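Let me begin by presenting the structure, written as structure tokens, before commenting on it.
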Protein chains: 4
Amino acid sequence: MRTLIKNGTIVNADATTRADILIDGEQVALIGSDLDVSADRTIDASDRWVIPGAIDVHTHMELPFGGTFAKDTFETGTRAAAFGGTTTIVDFAVQPRGGSLRQGLDAWMEKAQGKAVIDYGFHMIVSDVRDDVLSEMDQLVDEGITSFKLFTAYPGVFFSDDGAIFRAMQQSATNGGLIMMHAENGLAIDVVAAEDVAAGHTDPYYHGTSRSPVLEGEATNRVIRLAEVAEAPVYIVHMSATDALNELRQARNEGLPAYAETCPQYLFLTLDDLGNGFEGAKFVCSPPLRPAEHAEELWKGLQTGDLQVVSTDHCPFDFHGQKDLGQGDFRKVPNGLPGVEDRVDLLHDGGVVAGRISPNRWVEVIATAPARMFGMPQKGTISVGADADVVIYNPNRTRTISAATHHMDVDYSCYEGREVQGKSETVLSRGRVIVDNDEFLGSPGDGRFLKRQRPNRG
Amino acid sequence: MRTLIKNGTIVNADATTRADILIDGEQVALIGSDLDVSADRTIDASDRWVIPGAIDVHTHMELPFGGTFAKDTFETGTRAAAFGGTTTIVDFAVQPRGGSLRQGLDAWMEKAQGKAVIDYGFHMIVSDVRDDVLSEMDQLVDEGITSFKLFTAYPGVFFSDDGAIFRAMQQSATNGGLIMMHAENGLAIDVVAAEDVAAGHTDPYYHGTSRSPVLEGEATNRVIRLAEVAEAPVYIVHMSATDALNELRQARNEGLPAYAETCPQYLFLTLDDLGNGFEGAKFVCSPPLRPAEHAEELWKGLQTGDLQVVSTDHCPFDFHGQKDLGQGDFRKVPNGLPGVEDRVDLLHDGGVVAGRISPNRWVEVIATAPARMFGMPQKGTISVGADADVVIYNPNRTRTISAATHHMDVDYSCYEGREVQGKSETVLSRGRVIVDNDEFLGSPGDGRFLKRQRPNRG
Amino acid sequence: MRTLIKNGTIVNADATTRADILIDGEQVALIGSDLDVSADRTIDASDRWVIPGAIDVHTHMELPFGGTFAKDTFETGTRAAAFGGTTTIVDFAVQPRGGSLRQGLDAWMEKAQGKAVIDYGFHMIVSDVRDDVLSEMDQLVDEGITSFKLFTAYPGVFFSDDGAIFRAMQQSATNGGLIMMHAENGLAIDVVAAEDVAAGHTDPYYHGTSRSPVLEGEATNRVIRLAEVAEAPVYIVHMSATDALNELRQARNEGLPAYAETCPQYLFLTLDDLGNGFEGAKFVCSPPLRPAEHAEELWKGLQTGDLQVVSTDHCPFDFHGQKDLGQGDFRKVPNGLPGVEDRVDLLHDGGVVAGRISPNRWVEVIATAPARMFGMPQKGTISVGADADVVIYNPNRTRTISAATHHMDVDYSCYEGREVQGKSETVLSRGRVIVDNDEFLGSPGDGRFLKRQRPNRG
Amino acid sequence: MRTLIKNGTIVNADATTRADILIDGEQVALIGSDLDVSADRTIDASDRWVIPGAIDVHTHMELPFGGTFAKDTFETGTRAAAFGGTTTIVDFAVQPRGGSLRQGLDAWMEKAQGKAVIDYGFHMIVSDVRDDVLSEMDQLVDEGITSFKLFTAYPGVFFSDDGAIFRAMQQSATNGGLIMMHAENGLAIDVVAAEDVAAGHTDPYYHGTSRSPVLEGEATNRVIRLAEVAEAPVYIVHMSATDALNELRQARNEGLPAYAETCPQYLFLTLDDLGNGFEGAKFVCSPPLRPAEHAEELWKGLQTGDLQVVSTDHCPFDFHGQKDLGQGDFRKVPNGLPGVEDRVDLLHDGGVVAGRISPNRWVEVIATAPARMFGMPQKGTISVGADADVVIYNPNRTRTISAATHHMDVDYSCYEGREVQGKSETVLSRGRVIVDNDEFLGSPGDGRFLKRQRPNRG
């Protein structure tokens, strides 16, 4: 199967060029000016950008949380991702407390297999650091699970104490894996949250105010310093607050290998969205949405490179039937937002169209940097020999985001009614067209497990 | 004329891939796996990297300085550049005091025309800010001279006062050009230098100590703040000191469009090199070489992206006959070092081989970022449609740097006897092989003036 | 002449105690509990604080500026100071351009002699740094003029270039004097101001906006760094902006001997006061009033000790007949505000009553620290042997500030109608009661020239 | 009993004056020039300084630790303190885990009563934060126990988790007490220490290297941020590392009420002292001694005021019989150093004589600031009405520190053989001469429990 993409403008992280692309099988085979070759299918990309398929390194399909499950399966979730121009996800397998990493990985492998319509990898959530678990980490790195997530938040659930985190970091320093951290001081937050509920402040808005940005900054500094002593790199997930970014900046100025992602919700939504009574439950995620000035700082971080990646932390719960578990106690609202479908366009609209970042930098933060930092050299670039994960992107077309039209299996959108400029029109995954003009052409099970390499920090 | 490069590993800033390259005329025409096409010439790049020709955005060919001239002409200088894997330079035309920018530009155009063996552009040194000069700046931007350099150093020569600098910055804010700054407090430095000489401290070493890194930090902050008020971006040339880098970091953390380059001499040489009696004259440049700890900080800056570019500030003077003008008074040593030939290999050796930066980041700082930041989108990348400025690079071959073998027209080397790993074996400029196996195959005049676009800050 | 102060609470910088005070002649002779000694006069200080007379180290009596003179003479100005609880001023003698320091000093000595009702010293404004002037600095230090002020602002008037400033700093490093700096980038400011006027923006409000806080921060860093290289301490006068304070904080964190004062106008007034048409001329001073958030930072600086002193920069011009020289061009509004009378109460009200600083810290910033930093060990404390400059202060009494009742010779007040808590009820200067219950009892000429010692930096 | 001190120079924090002092009973009754009054005893203080008795707010008399007890009792320890010019200590009562604050306080009251020769107060170590304990805190504040210490170090012993610390801080925000923090990340440190021992690195030197300064910086930032969210002030005890000081500086720049003390061991001793085999055990304390550059930063902190207090953390263990519990495992060396006797002279020698701080600042950090910050307004100043805790200090006399001559009940000195300039010759506690010319004249039980007020932060 050969596909020829004609007349497009290739936007890579390093350069913008006009050239045609021949895909042969699963890889890009040929890039040339005015390619005159035979193909089974020809796509006219006139007035379009041709970009590498986007990579979302932070999704939670079917995650059990707060007595329910994130609603998107690997099938519905990856299909929605594909519609949004994302052709690779890295999801999180969860070690059961008391159990092994392997158990968790097997469980998540099973969830994904035969379901995913795009390629997928796994990070491993380490819930319970023990000697045997540290040894398992080494094995998993060799099997392509090269990143591990721990939490300073969620005491009693995912929380690890500083000794455990430090030991995992030491292990990663020797096995070449990468520790990812959810950095909020969960112990202090739980005190505030309990006081709020005791005081009758049970609305979702208090979810936001109970989790001070100061406590994200604190935990961010803490895990960076633990990593410094462990002589390991560290990657902060879903950074939301200026306080945290400032700690990251300081660490990077010192030359420490500290990295971070942010997510669209922290760039486009604010603490105010958590208001409006229980409607705010739609916006409950952790860290919470912040006052608007934090978003401006995060944009600066993307501009200067202190932030390397934008992922989604996609973790959708229906407003009706799931989010409402938290009626009367914001602590019981399942934490998480749908987002895997909208990231590429939101970033294009708020980043490129708004003049904050160049098209190349946009490609870098949604595709090239995630590929590099999470060990997927065959992804994140339109280059000969790379996987033919390709998106024909129309930078001029606008669309209105709505739950009525999105493909995520969730009954609301955080961006309902927002018009964005930019749209993925045709999406190829390893050479197969899986989305074309709003039509899904892929198949569950076509996505493959990605055995990832060790991170390349650049 | 078609050239086929087979079996190489293409190292771009965004990705590393294995593919063949067909050059047709002056551009890259085709990139593919196992290309089976006819060509006039085939180059086997097995076990080699194929990288974009490097770009040196800071050279001074034939610069009049201190009563003499930088010794390399556009012919000898660009030939040496080519041997070192550099296929584009941006040199500095100098406005004569009292004269127009145009006069200066014409003079430098004449120096280069018919001489340069690789492509070249010009920045404009603004020596004398006047109303008519500000208007000229707008015209020059339209003619492809899109960057302008001013000095807080060299009172009585290139020095501009803060009001003049500020006005030039305001002008660039409207015309889209970029102000480049030599940032040292020349007025204070001249006091110290005069005191040194009066005290009999006339050796070149005192050149180094008279120019405190604190005064580079000061001037760096000053020009960044002037640019902030003028709402203009600013680019600091030849950053040498931690003090300056810290000011840059602070500015970038605030989201200011502040940028900087450093040079190999600040990464590889130190203040100690200025010792050893008059031998130190070989190492006299401004800002001066610094104690070793500054170099470590500059490497960090390259790693995190706070420094975007490595250029050379190539400005060679013979030790015998030129540098010795400063016998008995270090202030009279012509300021400048030869360097255009060695940058690519030094950075490979000290950056990539030493494990400080990845091959991709190396390509970025020597080629891709300079191309982007100085408005040359057809350069700095191996991509279809881009200029076929291509270097076949052997990352494993070592060579020993020496004046006996280098191609710069200067009687010494700052790196005499240093062994470096990595060598440009074959160099193409817009499709023509100009260096092959230590043989020069190019011709004076083959290099073209580059009409540059406005900077793309990323 | 012996005066006994009974039943008061002595508030010194280090402690608060209840004790009686016997003044014998010009000094405090005895402090004791329930002193039972004979005296010529007994003051009952029940429910009052007894504090050291305040010291204002920044006044400009009869300063020629902008074609007119600051209106208060040494007589009217020091009388107003006394009413406000200030018993010492340090004013600025001005070197005429081309002339000697001595000439300037003699002229100011003459202005003060026979006029001042409280003790006074002089700083020397150095307008013209020359070799002979540097030598004169040494002599003046020995004569009790131990501090020297230079300007990065006011090009063509007081402005010194960085080389001149640096030389003066070097001189102070050897003679033990202290360089005081007006730190704003006057060259850039003048460009902006000229553009404003050219654009028809001639109202006083543009005085404020033309002098960006960024340019105060810049110049502050600049002079601190020049002092660092000169190995001299430096004292920044009238700090108004967060940008400047941040540079000071950074320097002090590095252990540099950098110090600063702020003034009440920067703590209590804001940029908005410069609006309202030409009324804003009442508030024209340099640096200008800033947006309110700067004041909050200055308070923090006073709390942590990064700011050591509050002075007034008293320099009054009548609104009618003087300030109106700037009708139609804000650059011609004489720069300066009346303030010598209100500092003590404003700081008490906004500092102590508002809970920002303790009574002891209040005494420190208005009296003790100025005495120490400017070499007047006999002042700034209620201690046996110290000069009997004593204020009986009623911390509970309120008054309303108004030009109708103030004693400064100027036709308006910047604080018209503001009610403040705290009032100096009885004021003694070297043992003589010079103000009692709103009555002036002193005499012109009673104030003596203070031969100051070298600064004690603590 | 009336004591007259003649001809001395009174050095207070705010001023230096020459005056005589009459003590009547327990307080200073009269200060005057050439006092001609009757007295029971006259002390000639010619050529001497008269300073307020020093205050040590960090001692551990008879502390149970690591299976043994700090060796000085309240009798031997306070006697040694008195010899060294210290007339007040604030020691730490320890809440037993599972028990009440009251239990701990009663136990420590009993240890001190009838033993102490100088006045003493107590902080309370909170080992176990529970609802009832939080209520007890309020009661204790009213009883004069106005400060509470918690630990991020010593897991399993004194360690509190972040939630517990946060709750205690919230409580202090309402009751006006002050939380003191031992800030090191004990959980991570214990991992490193265990690895060291497992690797056979059992010498005391590894105590130092296992406790990275980075982990002190981390914990310092953590507790400052917890306090920020709790809206409470926080006081960091025994700060030893630049990393921690930098976090403190940052917090103070933000206007946060964060404070800290350091100790002489961190100013005068270094990591190297921990070497030399098991001899290093003499220097085992936590935080550990640091490389020399940290001390220089701490001195800067004292100069600028970011550090407010110097205390000792006096906690002595005999080298023979106690320290040697840690033979073969540095973790078992009892943590603590003797120091209560030497602080005043060390600070005089290294601070005043070395030119780093003025005599007034010296008095401030050893006496005036501790009195203010820990609610003892009757102490820390030579003022009428204040307690007659007075030291006749000879700033010119030198002595050699040695275990052979010191009065602490411990068999070694950390400063053995060090010559220091400055000596307390006569020491009065509430009017009684308790040390005179190396003779002890006091009595056990003369020291009284100090009911302290709430902190006055200045």
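Residue numbers start from 1 in every chain, and the chains themselves are labelled A, B, ... in the order their sequence lines are given, proteins ahead of strands. Fair warning: this is a prediction, and the values are worked out from it, not measured in the lab.
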Quick one: [atom1] on [X] to [atom2] on [Y], what's the gap to the nearest 0.5 Å?
{"X": "T17(B)", "Y": "Q378(A)", "atom1": "OG1", "atom2": "CD", "answer": "13.0 Å"}
{"X": "R252(A)", "Y": "T304(B)", "atom1": "CZ", "atom2": "OG1", "answer": "5.5 Å"}
{"X": "S33(B)", "Y": "D24(A)", "atom1": "OG", "atom2": "CG", "answer": "9.0 Å"}
{"X": "L22(B)", "Y": "L30(A)", "atom1": "CG", "atom2": "CG", "answer": "9.5 Å"}

Contacting moiety of [X], where chain A heavy atoms sit under 4.5 Å:
{"X": "L35(B)", "value": "side chain"}
{"X": "E254(B)", "value": "backbone"}
{"X": "A29(B)", "value": "backbone"}

* **Any side-chain heavy-atom pair of S358(B) and N456(A) under 4.5 Å** =>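 Yes. Closest side-chain heavy atoms under 4.5 Å.
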
* Asked: Below 4.5 Å, heavy atoms only, C-beta onward: do I10(B) and S383(A) meet side chain to side chain?
  ->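 Of all side-chain heavy-atom pairs linking S383(A) with I10(B), none is under 4.5 Å.
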
* To do: Count the heavy atoms of every other residue, nucleotide or ligand shown that sit under 6.0 Å from CG of D36(A), and state whether that count exceeds 12.
  =>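 For D36(A), atom CG is not crowded (no more than 12 foreign heavy atoms under 6.0 Å).
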
* D47(B), CG: over 12 other non-hydrogen atoms inside 6.0 angstrom ->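 No, not enclosed.
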
* Check for a donor-acceptor pair, side chain of R361(B) on one end and backbone N or O of G458(A) on the other, with a separation under 3.5 Å. =>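 Not a single qualifying donor-acceptor pair exists.
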
* Asked: Ignoring hydrogens and geometry, is there a side-chain-to-backbone donor-acceptor pair from K300(B) to N253(A) under 3.5 Å?
  ->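 Answer holds: no.
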
* Given D14(B), which of I382(A), N360(A), T381(A) fulfils the side chain to side chain contact (heavy atoms under 4.5 Å, CB included) condition? ->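 Testing each of I382(A), N360(A), T381(A) against D14(B), the sole residue satisfying side chain to side chain contact (heavy atoms under 4.5 Å, CB included) is T381(A).
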
